[in-house]
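Encoded as structure tokens, the structure appears first; notes follow it.
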Amino acid sequence: YILEACTGGGCTNSTAVSNATLEALPEGVSDPVISNLEARSLVITWQQPSQPNGVITEYVLTLVSNGTVLLRGLQLSLTLSDLTPFTSYSFQLMVCNSIGCSPSSIVETQTPETNPQGLDAPRLRNLTSTSVAIDWSFPAAPNGNITSFVLRRGTENEEEPPTVIFEGIALSYNDL
């Protein structure tokens, strides 16, 4: 600031002085953006707030469902891996300065489906000399909604491919 005083004979300026306003909580915190969403990984990015109201000291990214802090630092992105397919995740970003922290909205996403894992072989039980009861269980890790089971009869050693004898969502079949 410079002050000027004037009379009919002229003006005089003071020496310049400067001042910084006090810090306040950050404002204009944008929601994190989720990209490169895959069954087991994703990337989260965010921007500096539109009004930092001071020096940003850290960003804190939290997994909302269990309160786990995924990141505490000044970087503007994070890659997460080892996620579970077909699972919902919620994230919240806190932007902090020396006064305190301001939150983003909670951002939710769901990882996509992928192929099932942990599928046990079907269980067989003879009903008669010419019929077999067959049952099975859901995979240990369905990694999505199971839309069908396909049961084939045959062996891998045969020249012809195994024959499809059942296709559906049931967990058993009687091969008569």
Side-chain angles (χ1 to χ4, degrees), residues 1-7 10-122 136-150 167-171:
Y1 295 94
I2 297 174
L3 179 63
E4 181 178 68
C6 298
T7 67
C11 296
T12 301
N13 290 336
S14 71
T15 57
V17 293
S18 62
N19 184 47
T21 59
L22 298 175
E23 288 191 18
L25 288 174
E27 296 178 52
V29 176
S30 298
D31 294 340
V33 175
I34 297 170
S35 61
N36 297 336
L37 182 62
E38 297 181 6
R40 298 185 187 281
S41 65
L42 57 82
V43 175
I44 306 174
T45 57
W46 53 92
Q47 303 294 319
Q48 295 177 351
S50 60
Q51 295 177 310
N53 294 331
V55 176
I56 299 302
T57 57
E58 70 178 350
Y59 297 97
V60 180
L61 184 67
T62 303
L63 181 61
V64 175
S65 61
N66 62 11
T68 300
V69 173
L70 302 172
L71 171 115
R72 193 179 281 278
L74 292 173
Q75 67 197 68
L76 297 175
S77 68
L78 179 66
T79 299
L80 293 176
S81 55
D82 297 326
L83 300 177
T84 303
F86 202 57
T87 301
S88 294
Y89 291 93
S90 300
F91 304 96
Q92 186 172 40
L93 179 70
M94 300 290 280
V95 181
C96 306
N97 63 20
S98 65
I99 298 300
C101 299
S102 297
S104 71
S105 298
I106 293 173
V107 175
E108 298 181 9
T109 192
Q110 182 173 6
T111 50
E113 294 179 293
T114 190
N115 58 308
Q117 294 176 311
L119 182 61
D120 292 333
W136 52 90
S137 300
F138 276 91
N143 295 331
N145 289 318
I146 300 296
T147 57
S148 70
F149 292 100
V150 177
E167 185 170 352
I169 197 65
L171 296 174

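Bear in mind that the values here come from a model prediction, so they are computed numbers and not experimental data.
Shown here for Thr45 and Ser77, the closest heavy-atom pair between the two residues is CG2-CB, 3.6 Å. Counting all heavy atoms, side chain and backbone alike, Pro52 lies closest to Asn97 at O-ND2, 3.1 Å. Taking all atoms of both residues into account, the shortest heavy-atom contact from Asp31 to Ser105 is OD1-N, 2.9 Å. Nearest heavy-atom pair across Thr111 and Ala39 is CB-O, 3.5 Å. When all heavy atoms of Ile56 and Pro49 are compared, the pair lying nearest together is CD1-CG, 3.9 Å. Residues Gln117 and Pro139 come closest through the heavy atom pair O-CB, 3.5 Å.
Phe91 is listed as a side-chain neighbour of Ile34, based on a closest heavy-atom distance under 4.5 Å. In this structure the side chain of Gln75 never reaches within 4.5 angstrom of the side chain of Leu61, judged on heavy atoms. In this structure, Leu83 and Leu42 have side chains that are in contact, with non-hydrogen atoms separated by less than 4.5 Å. Residues Pro112 and Leu37 have side chains in contact (heavy-atom distance under 4.5 Å, counting atoms from C-beta outward). Residues Ser50 and Glu27 fail the side-chain proximity criterion, which asks for heavy atoms closer than 4.5 Å. Taking the side chain as every heavy atom from C-beta outward, Trp46 and Val33 never approach each other to under 4.5 Å. Using a 4.5 Å heavy-atom threshold, the side chains of Ile169 and Ile146 count as touching. Side-chain atoms of Asn143 and Phe86, non-hydrogen and from C-beta on, never get closer than 4.5 Å to each other.
One N or O on the side chain of Ser104 and one on the backbone of Leu93 form a donor-acceptor pair closer than 3.5 Å.
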Exercise for the section: Could you please spell out the steps behind the side chain to side chain contact (heavy atoms under 4.5 Å, CB included) verdict for Ile99 and Asn53? Expected result: CA-CA 9 Å; Ile99 298 300; Asn53 294 331; over 6 Å; no
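Surrounding CD of Gln48 are at most 12 heavy atoms belonging to other residues, nucleotides or ligands under 6.0 Å away.
Taking CG of Leu71 as the start and CD of Glu58 as the end, the distance is 9.0 Å to the nearest 0.5 Å. With rounding to the nearest 0.5 angstrom, the OG1 atom of Thr15 is 9.5 Å from the CG atom of Leu3. From Leu80, atom CG reaches atom CG of Leu63 across 8.0 Å, with rounding to the nearest 0.5 Å. For the atom pair CZ of Arg72 and SG of Cys96, the computed distance is 7.5 Å after rounding to the nearest 0.5 Å. Atom-to-atom distance recorded for Gln110:CD and Tyr89:OH is 10.0 Å, nearest 0.5 angstrom.
The closest side-chain donor-acceptor pair between Glu23 and Ser98 falls under 3.5 angstrom.
With respect to Pro32, the side chain to side chain contact (heavy atoms under 4.5 Å, CB included) criterion is satisfied by exactly one of Leu78, Ile106, Val107: Val107.
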